[in-house]
Amino acid sequence: MLAFAARTVVKPLDFLKPSSLMKVSSRFKTHQNSLPRLPVPPLQQTLDRYLKALQPIVSEEEWAQTKQLVEEFQTAGGVGERLQKGLERRARKMENWLSDWWLKTAYLQYRQPLVIYSSPGLLLPRQDFVDQQGQLRFAAKLIEGVLDFKARIDNETLPVEYLGGKPLCMNQYYQILSSCRVPGPKQDSVTSFSKTKKPPMHVTVVHNYQRWDAPDLGSDLHAAGEDLELITANQQRARGHPHLQPP
């Protein structure tokens with residue numbers, strides 16, 4: 001996700017080279033299938049790291065009590081051993097035994113404000129605009145960059161990222177655009193429209209509490225600028241009509 005933000009905002013404003021419009025079929029699937037499964041760490045290692053992380057933030061009394069509970073937890077034939085075997089069985093059946101639990105617990109079931117506690121965001125470099133046209137050009141270039149990135153995702157030409165010489169899972173990149181989070185009372189859900197028969201082909205612009213859709217951008221990245229200027233011009237005209245203004 002951070003790499004997506006970097007690619008979007010740090011390119012110079014004379015901007016991006018158009019990405020390839022030729023789809024590289026099954027490249028993403030081939031890469032994902034080549035990755036190793038997430039291993040389950042040994043129980044002893046997990047407990048040792050748990051105690052090490054806990055020690056600086058609890059009292060000596062709490063530390064002693066916790067250490068005793070951990071020793072009971074890891075006895076042969078005890079709860080820890082049974083749970084460890086359950087995790088290992090789950091890992092044999094799934095590519096990543098943790099991802100579903102992590103998604104639900106850390107994100108979809110999390111009831112605190114997302115913008116503060118969970119969701120990523122973009123911080124754009126400071127710009128000194130001299131007129132509205134400069135603002136429009138900057139916004140259009142930003143949209144053009146995002147659409148270029150989306151084309152790489154749709155065509156499966158996004159370069160694989162590496163850490164320590166080893167390829168990383170790229171699955172999240174293929175879920176961030178054309179997707180939305182649907183609120184629920186106890187758990188939210190994520191819906192992606194990128195693989196539907198009619199995937200979204202528009203950009204939504206919110207300005208002064210009003211929303212417009214720039215439709216049918218398709219593969220024409222440069223249409224973003226013209227659509228954005230039209231939307232802003234319409235918003236300017238709406239100022240003269242009270243019924244179009246936000247409450």
Side-chain angles (χ1 to χ4, degrees), residues 1-4 24-58 61-114 117-120 153-154 156 158-196 199:
M1 187 69 71
L2 292 178
F4 164 67
V24 182
S25 243
S26 301
R27 176 183 173 185
F28 168 67
K29 188 174 188 297
T30 301
H31 166 69
Q32 291 298 113
N33 290 343
S34 69
L35 297 174
R37 293 171 180 248
L38 181 69
V40 178
L43 178 60
Q44 188 63 55
Q45 176 183 313
T46 300
L47 297 178
D48 288 344
R49 292 188 176 183
Y50 170 69
L51 290 173
K52 184 178 181 180
L54 198 62
Q55 189 172 16
I57 59 175
V58 298
E61 182 180 351
E62 290 171 327
W63 164 253
Q65 183 180 5
T66 302
K67 191 174 181 181
Q68 181 180 350
L69 290 173
V70 166
E71 289 174 354
E72 294 174 2
F73 183 82
Q74 65 181 333
T75 54
V79 177
E81 188 175 283
R82 294 199 301 273
L83 292 176
Q84 179 74 9
K85 290 180 179 178
L87 281 181
E88 291 169 353
R89 285 195 299 271
R90 177 181 171 89
R92 287 193 291 270
K93 299 175 183 177
M94 307 177 68
E95 291 181 359
N96 189 315
W97 59 269
L98 179 61
S99 59
D100 287 346
W101 288 342
W102 179 257
L103 176 64
K104 291 178 181 178
T105 303
Y107 295 98
L108 300 182
Q109 294 175 352
Y110 198 57
R111 300 292 90 183
Q112 297 299 321
L114 296 176
Y117 294 96
S118 176
S119 296
I153 292 174
D154 293 343
E156 300 187 29
L158 194 65
V160 173
E161 295 181 353
Y162 288 79
L163 181 64
K166 296 182 179 180
L168 297 177
C169 174
M170 301 291 288
N171 187 54
Q172 288 196 31
Y173 285 114
Y174 290 82
Q175 299 179 20
I176 58 174
L177 297 174
S178 301
S179 300
C180 67
R181 178 171 177 153
V182 182
K186 295 184 178 180
Q187 177 177 308
D188 301 340
S189 58
V190 177
T191 302
S192 178
F193 299 94
S194 61
K195 300 299 182 182
T196 57

Q: Count the heavy atoms belonging to other residues, nucleotides or ligands that lie under 6.0 Å from CZ of Arg37, then report whether that count exceeds 12.
A: yes
Q: Flag the pair Leu35 / Pro167 as yes when at least one side-chain heavy-atom distance between them is below 4.5 Å, and no otherwise.
A: yes
Q.
According to salt bridge (Lys or Arg N to Asp or Glu O under 4.0 Å), who are the partners of Arg90, at least two apart in sequence or on a separate chain?
A. none
Q) Do Val58 and Thr66 come close enough that some side-chain heavy atom pair is under 4.5 Å? A) no
Q: With rounding to the nearest 0.5 Å, note down the distance linking CD1 in Ile153 to CD in Gln175.
A: 10.5 Å
Q. Rounded to the nearest 0.5 Å, how far does CG of Leu51 lie from OG1 of Thr46?
A. 11.0 Å
Q. How many angstroms lie between atom CG of Asp154 and atom OG of Ser194, to the nearest 0.5 angstrom?
A. 7.0 Å
Q: Not counting sequence neighbours, list each pair that qualifies as a side-chain hydrogen bond (donor to acceptor under 3.5 Å, both in side chains) and has a residue in residues 93-110.
A: Gln109-Gln187
Q. How long is the span from the CG atom in Leu38 to the CE atom in Met94, to the nearest 0.5 Å?
A. 10.5 Å
Q) What are the two closest heavy atoms between Ile176 and Tyr173, and how far apart are they? A) CG1-O, 3.4 Å
Side-chain donor-acceptor contacts of residues 68-84 below 3.5 Å, not counting sequence neighbours, with atom names and distances?
{"from": "Thr75", "atom 1": "OG1", "to": "Glu72", "atom 2": "O", "distance (Å)": "2.9"}
{"from": "Glu81", "atom 1": "OE1", "to": "Gly77", "atom 2": "N", "distance (Å)": "3.4"}
{"from": "Glu81", "atom 1": "OE2", "to": "Gly77", "atom 2": "N", "distance (Å)": "3.3"}
{"from": "Arg82", "atom 1": "NH1", "to": "Gly77", "atom 2": "O", "distance (Å)": "3.2"}
{"from": "Gln84", "atom 1": "NE2", "to": "Pro41", "atom 2": "O", "distance (Å)": "2.9"}
{"from": "Gln84", "atom 1": "NE2", "to": "Glu88", "atom 2": "OE2", "distance (Å)": "3.4"}

Q: Please check if atom CD in Glu61 has more than 12 non-hydrogen atoms from other residues, nucleotides or ligands closer than 6.0 Å.
A: no
Q | Main-chain N/O of Leu168 paired to His31 side chain as donor or acceptor, under 3.5 Å | A | yes
(Q) Taking the side chain as everything from C-beta on, heavy atoms only, tell me whether Asp188 gets closer than 4.5 Å to Arg111. (A) yes
Q. Between Met170 and Leu158, is any pair of side-chain heavy atoms under 4.5 Å apart?
A. yes
